**Q** 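Once you've had a glance at the structure underneath, I'll fire off some questions.
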Amino acid sequence: MKLRESYISTLGRGATNQTELSKDSIAELSIVLPAAELVADYEEQAQVTEAQIARLSAYDVKLREARDLLEPKLMSGEVAV
């Protein structure tokens with residue numbers, strides 16, 4: 001659908017800045033949907049990736065907090081490297 005957005009926007013009819021799509025225009029669009037099994041497989045794999053993104057984002061926050069605590073101490077010489 002995203003690839004056809006510009007085409008779909010040309011189907012709108014109406015006054016300036018008040019265009020709308022008719023049901024007939026929408027009904028004539030050919031939309032290919034993946035098989036339900038393929039969608040389920042994708043969602044399963046995507047969940048694993050999304051969980052990893054969440055874990056890494058939380059880890060990133062903790063690393064930033066540690067950096068913000070240590071950096072002033074390193075710069076002042078309070079903590080030796």
Side-chain angles (χ1 to χ4, degrees):
M1 291 297 290
K2 197 75 166 150
L3 295 173
R4 301 187 69 193
E5 182 177 2
S6 61
Y7 170 72
I8 293 170
S9 67
T10 66
L11 299 176
R13 301 286 179 250
T16 307
N17 294 327
Q18 295 295 318
T19 59
E20 64 179 54
L21 295 171
S22 70
K23 291 179 184 177
D24 294 334
S25 295
I26 298 289
E28 291 176 5
L29 291 174
S30 175
I31 300 171
V32 178
L33 298 174
E37 185 178 291
L38 183 61
V39 172
D41 288 345
Y42 170 79
E43 287 177 349
E44 185 178 322
Q45 291 180 15
Q47 285 177 351
V48 171
T49 302
E50 288 172 357
Q52 185 176 16
I53 289 170
R55 281 191 305 274
L56 291 173
S57 293
Y59 187 63
D60 186 49
V61 168
K62 291 189 181 287
L63 286 172
R64 280 190 238 166
E65 289 171 352
R67 178 204 60 205
D68 292 344
L69 286 172
L70 289 172
E71 186 177 38
K73 293 180 180 190
L74 288 167
M75 296 301 286
S76 70
E78 185 178 337
V79 174
V81 180

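On a predicted model such as this, the values are computed, not experimentally measured, just so you know.
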**Q** How would you list, by chain and number, every residue that makes a salt bridge (charged side-chain N to carboxylate O under 4.0 Å, His left out) with Lys2, sequence neighbours excluded?
**A** Glu5

**Q** Looking only at heavy atoms, which two atoms of Ser6 and Ser9 are closest? And how far apart?
**A** O-OG, 2.7 Å

**Q** Return a table of donor-acceptor pairs under 3.5 angstrom between the side chains of residues 74-81 and protein atoms on other chains or two or more places apart.
**A**
from	atom 1	to	atom 2	distance (Å)
Ser76	OG	Pro72	O	3.2
Ser76	OG	Lys73	O	3.2
Ser76	OG	Glu78	N	3.3

**Q** Show the atom names and distances, to 0.1 Å, of all donor-acceptor pairs under 3.5 Å that link a side chain in residues 47-55 to residues at least two apart or in another chain.
**A**
from	atom 1	to	atom 2	distance (Å)
Thr49	OG1	Gln45	O	3.4

**Q** What distance separates Leu21 CG from Lys23 NZ, expressed to the nearest 0.5 Å?
**A** 12.5 Å

**Q** Among residues at least two apart in sequence or on other chains, which ones pass side chain to side chain contact (heavy atoms under 4.5 Å, CB included) with Glu37?
**A** Asp41

**Q** Could you list the cluster mates of Leu63? Members are the ILVMFWY residues connected by side-chain heavy atoms closer than 4.5 Å, either directly or through other members.
**A** Tyr59

**Q** Enumerate the side chain to side chain donor-acceptor pair (under 3.5 Å) contacts for residues 24-36, please, sequence neighbours excluded, ordered by first and then second residue.
**A** Ser22-Ser25

**Q** Once side chain to side chain contact (heavy atoms under 4.5 Å, CB included) is applied, do any residues pair with Pro34, and if so which ones, sequence neighbours excluded?
**A** Leu38, Val39

**Q** If the condition is side chain to side chain contact (heavy atoms under 4.5 Å, CB included), which residues does Arg64 pass it with, not counting sequence neighbours?
**A** Asp60, Arg67

**Q** Residues two or more places apart in sequence or in another chain: which of them pass side chain to side chain contact (heavy atoms under 4.5 Å, CB included) with Tyr7?
**A** Arg4, Thr10, Leu11, Leu29

